[in-house]
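No experiment lies behind these values; they were computed from the predicted model shown. Throughout, residue positions are numbered sequentially from 1 according to the sequence presented.
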Amino acid sequence: MPSSTPYYLTAGPVAARFNRVVGWLARHGISLAGSAELSVRGRKSGQMQRLPVNPHTFEGQQYLISARGHSQWVRNMRAAGGGELRVGRKVRTFTAVEVPDEEKLPLLRTYLEKWGWEVNQYFKGVTAKSSDEEILAAAPDHPVFRITVRD
């Protein structure tokens with residue numbers, strides 16, 4: 001019987017420490033393989049929440065993909081409709097629209113091709129080489145947002 005709770009895998013102590021380091025580096029102008037620091041307003045606290053993300057570009061558009069599932073930043077993004085991406089002093093403000101599951105196949109496949117070395121463990125055995133059906137079956141567990149940077 002499927003769980004009614006949305007998929008979410010919390011970060012363990014090593015992953016949390018790694019995320020703090022990657023976020024600190026991005027804040028100070030050092031991007032690891034394209035990483036950036038996401039800031040999104042908390043839906044309950046109203047405070048800006050910060051965490052490292054791997055922005056993904058596909059066919060000229062940018063996306064944010066939640067490898068860990070329906071996390072707090074995902075819930076905050078749904079409420080806020082946008083946020084900021086920072087690498088050093090460069091801050092890009094953006095709006096975000098959630099992508100429906102049926103449109104995620106090429107996004108998830110190319111994301112896994114680029115970032116699989118870091119995120120495959122959160123996709124329950126699905127990789128860039130998985131079948132279309134396997135990736136589509138995983139799509140509901142991994143929210144995707146198309147972001148549009150404001151000028």
Side-chain angles (χ1 to χ4, degrees), residues 2-58 61-99 101 104-130 134-135 137-150:
S3 171
S4 61
T5 304
Y7 173 76
Y8 175 61
L9 185 61
T10 57
V14 173
R17 179 170 287 142
F18 178 75
N19 284 344
R20 281 193 297 276
V21 169
V22 172
W24 185 91
L25 289 170
R27 238 181 346 273
H28 291 85
I30 301 168
S31 173
L32 296 180
S35 64
E37 184 179 64
L38 168 67
S39 294
V40 61
R41 188 160 310 282
R43 66 196 183 286
K44 294 178 184 174
S45 70
Q47 301 297 313
M48 292 301 271
Q49 307 296 312
R50 301 182 319 195
L51 70 148
V53 292
N54 300 323
H56 181 61
T57 302
F58 179 77
Q61 300 220 353
Q62 283 220 291
Y63 298 87
L64 294 177
I65 297 173
S66 180
R68 293 180 181 274
H70 296 264
S71 63
Q72 292 300 319
W73 79 257
V74 166
R75 295 170 189 178
N76 291 337
M77 186 68 66
R78 287 174 178 147
E84 297 175 344
L85 289 175
R86 170 187 300 273
V87 177
R89 293 182 182 174
K90 184 176 181 179
V91 178
R92 298 179 296 149
T93 303
F94 65 87
T95 57
V97 176
E98 194 160 1
V99 174
D101 291 340
K104 292 179 184 176
L105 175 61
L107 302 168
L108 292 176
R109 186 177 302 285
T110 55
Y111 178 78
L112 289 167
E113 285 169 357
K114 180 170 184 181
W115 296 102
W117 61 273
E118 182 184 350
V119 301
N120 274 351
Q121 61 190 331
Y122 309 124
F123 279 77
K124 300 189 234 175
V126 173
T127 70
K129 294 180 180 178
S130 294
E134 290 168 321
I135 291 175
D141 289 341
H142 303 282
V144 175
F145 294 89
R146 182 179 301 107
I147 64 172
T148 304
V149 176
R150 297 184 200 144

- Note on the structure: For Val40 and Gly82, the nearest pair of non-hydrogen atoms, with its separation, is CG2-O, 3.6 Å
- Message: Is there a side-chain contact between Val119 and Leu112 in this structure, where contact means two heavy atoms from C-beta onward sitting under 4.5 Å apart?
- Response: yes
- Have Gln49 and Arg43 got a donor and an acceptor in their side chains that come within less than 3.5 Å? no
- Return the minimal non-hydrogen interatomic distance between Pro52 and Asn19, and the atom names on each side. CG-O, 3.2 Å
- Task: Taking the side chain as every heavy atom from C-beta outward, state whether Thr148 and Phe94 have any atom pair closer than 4.5 Å.
- Result: no
- Parallel, tilted or perpendicular for Trp115 and Tyr111, by the 30°/60° rule? tilted
- Item | Residue pair Gln62, Arg92: steps toward the side chain to side chain donor-acceptor pair (under 3.5 Å) verdict | CA-CA 12 Å; Gln62 283 220 291; Arg92 298 179 296 149; 2.9 Å; yes
- Item | Minimum-distance pair of heavy atoms, taken over all atoms of Ala96 and Ile147 | CB-CG2, 4.1 Å
- Message: Suppose the criterion is side chain to side chain donor-acceptor pair (under 3.5 Å): which pairs have a residue in residues 6-18, not counting sequence neighbours?
- Response: none
- Task: Give the minimum heavy-atom separation between Asp101 and Ala139, together with the two atoms involved.
- Result: OD1-O, 3.7 Å
- Message: Return the CG to CZ distance between Leu51 and Arg20, rounded to the nearest 0.5 Å.
- Response: 12.5 Å
- Query: Looking at Val74 and Ser66, what are the two nearest heavy atoms and their distance?
  - Reply: CG2-CB, 3.5 Å
- To the nearest 0.5 Å, atom CD of Glu98 lies from atom NZ of Lys104 at 6.0 Å
What side-chain donor-acceptor pairs closer than 3.5 Å can you find for residues 23-31, not counting sequence neighbours?
{"from": "Arg27", "atom 1": "NH1", "to": "Glu37", "atom 2": "OE2", "distance (Å)": "2.2"}
{"from": "His28", "atom 1": "ND1", "to": "Trp24", "atom 2": "O", "distance (Å)": "2.7"}
{"from": "Ser31", "atom 1": "OG", "to": "Gly34", "atom 2": "N", "distance (Å)": "3.2"}
{"from": "Ser31", "atom 1": "OG", "to": "Ser35", "atom 2": "N", "distance (Å)": "3.0"}
{"from": "Ser31", "atom 1": "OG", "to": "Ser35", "atom 2": "O", "distance (Å)": "2.6"}

- Answer yes or no for Arg146 and Tyr63: cation-pi contact, defined as NZ/CZ to six-membered ring centre under 6.0 Å and angle to ring axis within 45°. no
- Item | Geometric class of the Phe123/His142 ring pair [parallel <30°, tilted 30-60°, perpendicular >60°] | parallel
- Minimum-distance pair of heavy atoms, taken over all atoms of Ala138 and Val126: CB-CG2, 4.1 Å
- Message: What's the separation between atom CG in Leu9 and atom NE2 in His70, rounded to the nearest 0.5 Å?
- Response: 13.0 Å
